[in-house]
Amino acid sequence: MTIALDRPGAARARSLRAPRPGLAAAAVFLVLALLAALWPALFAGDPLAADPLHVLEAPSGQHWFGTDQLGRDVFARVVHGARHSLSIGVAATLIAVGAGILLGLLAGLSHKIADEALSRSFDALSAFPLVLLALLFIAIAGTGTTSLIVAIGMALVPHFARVVRAQTFVVRRAAYVTHAVAFGAARSRLVVRHVLPNVLGPVPVLAVLGLGEAILLAAGLSFLGMGPQPPSPEWGAMISEGRGYLHVAWWASVLPGAVVTATIVALTVAGRFYQRRFEGRELA
Amino acid sequence: MITAILRRAGAGLLVLWAAATAAYLALLAAPGDTVDAIVGDGADTPGIRAQIIQEWHLDRSAVVQYLDFLLRAAHGDLGRSYLLQRPVSAVIGSQLAPTLKLAVAAAVFGVVLALLFAVTARRLTSTAGLILVSTPPFLIGIILLSIFSFRLGWFPVSGDRGFAALVLPAITLGLPIAGTLAQVLRDGLDRALDEPFAVTARARGLRESGVLIRHALKHALLPAVTMLGWSFGVLIGGTVIVEQVFGRPGLGQVTVQAVNSSDLPVVLAVVILAAAVFVVINTVTDLAYLLIDPRLRRS
Amino acid sequence: MIRVEDLRVTFQLPRRTVDAVRGVSFEIEPGECVAIVGESGSGKSVTARSLVGLAGPGARVDAVRLEVDGQDARRFAPRDWRRLRGGFAGLVLQDALVSLDPLRTVGAEISEVLRVHGERSRSARTRQAHRLLEEVHVPEPQRRAGQYPHQLSGGLRQRALIASALAAAPKLLIADEPTTALDATVQAQILRLLAERRAAGQTLLLISHDLAVVAQLADRVLVMKDGRIVESAPTKALLTGAVHTYTRTLVEAAAGRRRATGPAPGPVVVEATALRKVYGDRAVVRDVDVTVRRGEIVGLVGESGSGKTTVAQLLFGLAEPTSGQVRFEGQRFSGVPERARRPLRRRLQFIAQDPLSAFDPRWTVRRIVAEALPRGASPAPFLERVGLGEDVLDRYPRQLSGGQRQRVAIARAIAPRPSLIICDEPVSALDVSVQAQVLDLLAEIREQDGTALLFISHDLGVVRDLADRVLVMHDGRVVEQGPASAVFDRPAHEYTRELLAAVPTLEVPA
Amino acid sequence: GCSSGSPGGNAAQAGEPVSGGSLTWAVETEPITFNPHQYAQAKTRLLVWNTFEALLTHDDKGGYLPWLATGYEVSPDGRAYTFKLRTDVTFSDGTRFDAAAVKANVDQLLAPNYAPAVAAVQLKNLDKVEVRDAATVVFRLRKPDVLILDFLSSPQGAQISPKSLQEAENLKAGGPQLAGTGPFVLDRYTPGQEVHFTRNPAYNWAPPNAGHSGPAYLDEITYRFLKESSVRVGALTSGQVQLIEGVPATDESLISATPGLSLQRGLNSGSTYSYYFNTAHAPFDDVLVRQAFREALDVPAVLAGVYRKTATRAWSVIGPTSPFYDKSLENTYGANAQKANQLLDQAGWTARDAEGFRTRDGKRLTVRLVQSAPFVRDRRDVLAQAVQAAVKQSAGIDLQVQLVDQGTATKALADGAYELFDNSRADTDAGAALNLMLYSTGSINRTGFKNPQLDKLLDDAVATTDQAGRTELYRKVQQLVITDQALVLPLYAPQDQIAASRSVGGVGFEPTAGVPGSAYRLWLGK
Ligand SMILES: Nc1ncnc2c1ncn2[C@@H]1O[C@H](COP(=O)(O)OP(=O)(O)OP(=O)(O)O)[C@@H](O)[C@H]1O
Ligand SMILES: Nc1ncnc2c1ncn2[C@@H]1O[C@H](COP(=O)(O)OP(=O)(O)OP(=O)(O)O)[C@@H](O)[C@H]1O
Ligand SMILES: [Mg+2]
Ligand SMILES: [Mg+2]
């Protein structure tokens with residue numbers, strides 16, 4: 001017979017297995033989103049085609065997500081918006097990752113005082129409200145897509161820089177780096193062959209998680225009217241535009257919002273899965 | 001002890017100065033000059049421009065203006081709003097209370113909900129938390145507003161009158177915090193419950209709830225405290241959006257308006273204020289660590 | 001008191017199941033001291049923990065009979081288990097240093113047991129906690145009770161933990177590896193403490209991977225391997241007439257044996273004079289002279305924190321001495337830029353305690369060993385020398401067992417044909433049986449290549465087995481040195497004598 | 001139900017006027033200042049007249065009625081305006097209203113760093129103000145300027161107590177410290193939230209068209225600032241406020257469908273909401289392209305899409321309610337895609353690129369409309385998108401809408417980095433608007449169009465005191481800019497909407513201005 005055992009195990013074991021169906025759903029969703037971003041025409045028609053005779057119509061077989069205030073098909077806009085929102089997110093994340101790696105390595109490899117100064121400013125910046133940072137940047141550079149991307153990218157830099165610095169710190173002191181010294185490896189060689197690859201290991205996963213954050217932030221800023229120009233079907237802007245019609249057409253804002261949520265959930269689920277895999281590989 | 005406090009204060013001042021200077025320099029680089037910002041969409045003739053330059057002393061060199069700004073800021077004078085024609089301290093001062101009220105209410109709501117979730121419904125936490133964290137807060141706000149205020153009329157649509165007006169915004173702002181915090185707490189609890197000391201506690205005959213509350217919770221709080229700074233960012237960033245959605249007065253509104261109309265003195269003041277709060281939060285975090293974790297206390 | 005028949009424990013993991021215990025039967029009578037020994041992962045801890053219903057998360061426990069304190073534990077509800085825990089059986093967990101809640105005082109931990117087992121008065125609990133601490137020989141119990149675990153040394157922590165396990169006066173005390181992770185001298189104290197309890201009539205279940213540790217205490221020894229009990233006999237019988245081959249290896253390893261001495265020492269390889277290293281305002285190494293000659297194995301022993309690793313780092317050029325000098329093969333090795341050291345580097349190698357962290361986790365074994373070789377040379381022969389097949393070549397370090405990893409580390413170290421290998425605790429993380437193999441390997445390499453070894457360990461038994469010459473460090477100084485036989489058999493310094501006395505040795509009746 | 005802006009339109013439901021009660025009104029715009037001299041937001045005009053009053057007020061035919069002045073005389077050369085003032089008026093701080101007070105107000109307006117825009121525009125022809133006696137004041141002008149009357153009936157010309165001009169801590173921001181003569185007193189302002197007025201019990205000098213005399217009906221009124229239209233509508237439908245202004249077209253049906261609510265619309269005075277073409281560079285330096293753009297757009301269609309038939313289509317720069325409006329312009333142009341394409345072919349924009357846009361010499365027919373986000377209202381950004389879609393479809397014109405922050409917008413305008421400029425002005429006298437927008441040196445002339453003939457017409461219209469003469473001059477102006485030069489694409493006549501609970505009586509619009517009136521006429525029925 002089996003003795004019923006006290007807690008965590010069961011729950012823990014399940015929590016490791018549970019996301020499987022979720023993971024599959026996330027993967028399917030992400031593939032769809034990617035396809036939508038690359039070939040939106042596969043899924044939907046013209047996102048800009050206005051039809052003054054059919055404004056704010058409820059979801060139907062013809063307009064899956066209904067129509068908006070100009071009679072445009074919300075579903076088509078959401079699909080085409082994937083390119084805008086995802087590319088804003090990806091571009092911002094790339095900026096953040098690139099600058100984060102550079103600054104993080106710089107801090108992790110440099111001497112005490114420089115490291116202290118750099119990592120203090122990462123700390124300060126990452127505790128500073130993201131929205132405020134981005135707003136500040138927009139106050140300087142003006143609104144527009146480019147400025148939005150750079151603003152989000154910059155706001156996320158400290159996040160990556162901190163991780164990279166911490167990782168560099170660990171790796172730099174790891175015994176295997178010491179061992180490489182035993183073979184007469186020069187400093188530059190150490191950095192290139194040991195430190196860099198090991199530091200960058202967790203970055204892709206973080207980038208996926210960061211992408212979610214970037215998209216959320218972009219939606220927020222778009223909502224505040226600091227996003228791409230109309231009629232670009234960016235998701236945040238759609239939610240924001242649709243909000244004015246909430247009484248008569250909830251779908252114009254809620255459905256694009258649901259897509260944003262689904263995207264970020266999917267990214268997070270996928271990112272966490274790989275994170276766990278990655279950590280598991282490190283430990284096992 | 002005294003030197004430690006002085007060091008802290010000094011570091012705090014340094015952060016303030018750095019934030020103010022960075023923001024000042026950055027704003028200096030903004031397109032369109034100050035006069036443009038003050039003119040706004042009003043009438044614009046050379047005569048009007050000349051008057052503006054004279055009134056705001058914009059003919060002085062950038063260095064002099066910066067030093068003047070620092071000097072006055074050190075005396076607590078943050079200048080006058082270009083747009084609102086009032087002292088910045090008055091503009092911000094009048095909006096501080098509603099924002100603080102909102103932030104505190106949201107924080108309390110978020111923490112309580114997170115604790116409830118993490119301790120009682122651990123299974124549910126990860127999914128619910130994930131969805132909450134992944135939903136744009138303004139969407140949550142919009143939905144809450146249209147259901148509970150427009151349809152059901154339970155809560156006022158907006159403003160800052162009484163407790164009822166605080167409920168929906170605080171929930172909107174608190175939910176993402178609760179989502180993240182609950183996940184962190186849950187993770188921490190799970191981790192702590194697997195630690196040898198927790199097994200030892202069980203081996204003493206302690207019931208599971210006892211292990212949870214007497215041992216694991218404190219450990220789970222440590223990573224949660226680390227998130228204090230982060231939550232502050234989310235709270236302040238969130239107020240910007242939540243105030244917009246609910247038409248609440250507050251610093252968020254002021255900030256967006258100031259950014260939109262390049263009202264630099266106000267933007268600067270907001271940055272300095274945020275930096276000041278950051279310094280305070282940081283100190284509080286450190287103290288909280290000391291309180292919870294004896295290993296950090298120096299004898 | 002305990003009756004177990006065909007106990008099986010399996011762990012349901014996400015992707016596989018682990019059969020940790022596969023049919024174990026034994027009994028423990030009141031007043032008896034039973035020991036379980038066996039290699040790492042053989043199921044000792046899980047068996048012991050199953051006795052109090054704490055086999056572990058995700059465990060499935062089956063047994064034909066599981067009788068605890070005369071009751072059938074197979075039908076226990078959680079609250080029945082709780083009643084037993086602490087009251088009937090006190091458990092001292094394997095991970096002694098982290099088994100006390102770091103956020104609560106030692107006193108609070110002990111009173112907790114008392115509270116759970118019905119002591120209502122707070123002051124009574126406090127008083128009793130003090131008494132318990134005193135009983136396990138914690139000096140100044142009042143003060144210690146108010147302290148946090150991190151403020152206590154390892155030995156004190158282990159005592160406090162034992163005190164908390166004893167608090168509710170359990171009939172059975174289960175001590176899982178009570179002395180690992182502790183210094184030899186501290187180890188001895190804890191063993192003395194347990195012996196005391198035993199003398200006072202306490203029933204004991206003792207678990208260890210080191211036969212020498214438990215043999216002194218136990219009436220009966222159960223030897224586990226791969227989740228089964230392979231041999232069970234009274235201690236004396238086991239030591240003289242072990243039936244199972246595995247048990248014989250254990251007995252042999254615990255008894256220790258001198259390995260063949262090497263060739264006559266050659267020219268000086270490394271010479272350090274008047275080494276001194278100061279960290280902050282503390283001199284961690286003071287006036288240490290070390291000379292190692294070709295073909296020589298020099299042992300460096302001393303308690304934790306005495307400065308052994310620091311000396312190794314100074315010799316290896318990872319840290320610069322505050323004063324003093326290191327010469328390697330006649331050339332200056334300290335106080336010169338890394339560039340100047342680089343040509344000599346390959347002739348000086350290093351093996352650390354934890355080989356896992358010594359390998360880049362992203363590199364395969366092939367690449368790791370190849371790094372030490374000239375371009376294009378095959379790593380296979382070196383792996384063969386350390387007894388590893390080609391099948392490990394394309395594995396990652398984490399896919400190897402501890403013993404295999406240490407062999408790869410040795411292969412990498414011998415590949416550039418160094419004149420000196422510094423080994424810092426190279427076998428401390430290994431099982432006794434694996435330890436013996438690695439030590440044999442090191443001895444063999446010295447013999448064949450004439451490579452000199454500087455062998456650092458806090459385990460005197462190991463050093464005695466291997467070293468030609470021994471240096472004893474205490475508080476940053478070398479307090480005694482000389483040929484191994486001289487130092488071990490006729491220790492001159494007080495501290496050396498103390499160290500030696502603490503080493504548990506197995507007096508195998510000849 | 002809907003009714004157009006006749007005052008007192010819903011008196012039937014609210015019953016006879018009764019005194020007492022307090023009301024909450026949700027408004028869209030929070031004033032950046034409560035000092036009427038600094039007034040710059042048409043949307044806040046309804047607040048000004050609660051506390052402050054001017055010498056004259058408008059009737060609904062483009063003429064003036066006495067208010068704080070009992071009458072005025074113009075000298076034959078048009079350079080001296082003599083006002084007789086009421087003698088029974090006091091400011092709410094107890095100060096008497098007299099000629100010296102009027103002079104003090106004008107002096108303040110001319111003070112450096114106080115109201116540069118007023119000094120430079122409305123008062124540019126003012127020479128000096130003379131106090132003849134306590135009840136008589138003379139405005140002397142350097143040259144004839146009938147717009148001085150418009151100024152003296154506008155918020156900027158409102159009278160503030162000279163005492164508070166001296167003593168107010170924050171003069172430019174205004175607030176409770178500024179005393180006026182109006183029927184209400186501003187006593188509490190919570191920034192970002194609301195402003196509260198209480199009745200001025202001493203009030204007894206309402207203008208003749210105010211509908212009643214004596215103190216206001218309401219004891220108090222609170223205006224809450226709710227920027228989001230959906231929030232305003234929600235507040236009204238859930239009974240949290242009794243009145244809202246600014247009802248988006250899409251929500252009008254909701255209001256009409258709710259029993260107990262009523263909706264009214266009023267057309268604003270001033271210039272219509274129009275797109276002005278930048279003639280300084282290609283492509284709109286070519287009149288053909290300007291005409292083509294106008295023809296390419298079916299204005300009623302886009303208006304119907306965005307505003308659901310609630311918008312009034314405009315044909316001229318001047319609004320249809322203005323006495324100067326030239327009705328003959330109606331149906332003379334527009335909604336002719338064929339003609340648009342013909343004109344564009346003629347202008348050389350013959351080729352099309354891959355996306356279907358017209359090109360000339362490999363350059364796409366791209367025009368930029370720069371909108372400053374903080375000042376966009378009435379869904380004009382949405383309208384711009386509709387226009388964008390329409391001109392692309394009908395004529396292959398690439399309209400790029402840039403919704404940007406104020407700094408960027410100002411910079412774009414200064415650099416000429418735009419081809420279209422959108423604007424409407426709520427001046428009560430349309431002439432004032434035209435002077436700013438069309439005069440070659442006008443402060444918001446963004447068309448780059450400089451024409452001596454046009455300047456002369458505008459000058460003459462300002463110097464002519466007689467209404468018929470002015471009407472004729474402005475007819476010529478409209479012919480020139482609309483028909484001959486196609487300088488402007490008029491879109492719609494701005495309007496205000498008020499939705500109110502049927503228990504509120506006296507809801508209406510200000511004559512001429514067409515914006516929601518002050519709270520003086522409002523009462524709360526049962
Ligand atoms: N909670 C658990 N989940 C999964 N597997 C476990 C768990 N606990 C133990 N095991 C596995 O059960 C087996 C026996 O473990 P156990 O801890 O009893 O070994 P041990 O003999 O005590 O070894 P050591 O000397 O290293 O302490 C091992 O293979 C181990 O990996
Ligand atoms: N980088 C350092 N900075 C400051 N103190 C150090 C440093 N490295 C070592 N120490 C201190 O020097 C002393 C000697 O340390 P060392 O590691 O040499 O001891 P050890 O004999 O190797 O001990 P163990 O047996 O525990 O490995 C210790 O007290 C340690 O805390
Ligand atoms: Mg074990
Ligand atoms: Mg060491």
Side-chain angles (χ1 to χ4, degrees), chain B residues 30-37 39-45 47-52 54-56 80-81 83-87 90-91 94-95 98 142 145-146 149-161 243-251 253-254 256-257 259-263, chain D residues 26 30-33 35 38 40 112-122 124 169-175 189-194 224-228 230-241 372-375 405-414 423 436 441-444:
Chain B
D33 62 4
T34 313
V35 184
D36 286 341
V39 168
D41 78 339
D44 183 1
T45 65
I48 294 175
R49 284 184 168 256
Q51 275 207 25
I52 288 173
Q54 196 196 349
E55 180 187 353
W56 296 89
R80 209 145 55 88
S81 158
L83 183 69
L84 300 173
Q85 306 286 7
R86 278 182 292 152
V91 173
S94 66
Q95 302 295 301
I142 293 175
L145 190 66
S146 67
S149 194
F150 297 165
R151 294 269 146 81
L152 302 175
W154 291 357
F155 299 102
V157 283
S158 84
D160 177 32
R161 289 200 289 194
E243 286 174 6
Q244 205 77 14
V245 171
F246 289 95
R248 270 182 71 84
L251 282 184
Q253 295 269 24
V254 168
V256 172
Q257 191 184 29
V259 166
N260 267 326
S261 51
S262 302
D263 195 348
Chain D
E30 177 173 4
I32 43 188
T33 168
N35 179 334
Q38 305 284 338
N113 298 341
Y114 179 65
V118 175
V121 179
Q122 280 110 315
K124 66 169 186 271
E169 230 172 71
N170 238 319
L171 181 55
K172 284 175 122 183
Y189 168 49
T190 319
Q193 192 147 221
E194 61 187 34
R224 297 183 60 187
F225 311 121
L226 301 182
K227 216 161 83 190
E228 292 300 324
S230 56
V231 174
R232 280 196 305 281
V233 173
L236 180 69
T237 53
S238 56
Q240 299 170 46
V241 301
S372 167
F375 295 99
D405 62 294
Q406 180 58 38
T408 309
T410 313
K411 190 161 166 15
L413 291 176
N423 183 282
L436 291 173
T441 55
S443 66
I444 39 180

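Bear in mind that the values here come from a model prediction, so they are computed numbers and not experimental data. Letters A, B, ... mirror the listed sequences (proteins, then strands); counts begin at 1.
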Problem - For D/K172, all residues meeting salt bridge (Lys or Arg N to Asp or Glu O under 4.0 Å), sequence neighbours excluded - result: B/E55

Problem - Residue D/P191 versus chain B: region with a heavy atom under 4.5 Å - result: both

Problem - Donor-acceptor contact present, side-chain B/Q253 to main-chain B/R248, <3.5 Å - result: yes

Exercise for the section: Given side-chain contact (heavy atoms from CB on, under 4.5 Å), test B/F246 with D/E228 step by step and report yes or no. Expected result: CA-CA 8 Å; B/F246 289 95; D/E228 292 300 324; over 6 Å; no

Completion exercise
Note: vs chain B, highest number of non-hydrogen pairs under 4.5 angstrom among D/N170, D/L413, D/T33 is D/N170

Practice task
Name the region of B/Q244, side chain, backbone, both or neither, that has any atom closer than 4.5 Å to a heavy atom of chain D.
Solution key: both

Problem - side-chain hydrogen bond (donor to acceptor under 3.5 Å, both in side chains) against D/E194, all qualifying residues, sequence neighbours excluded - result: B/R161

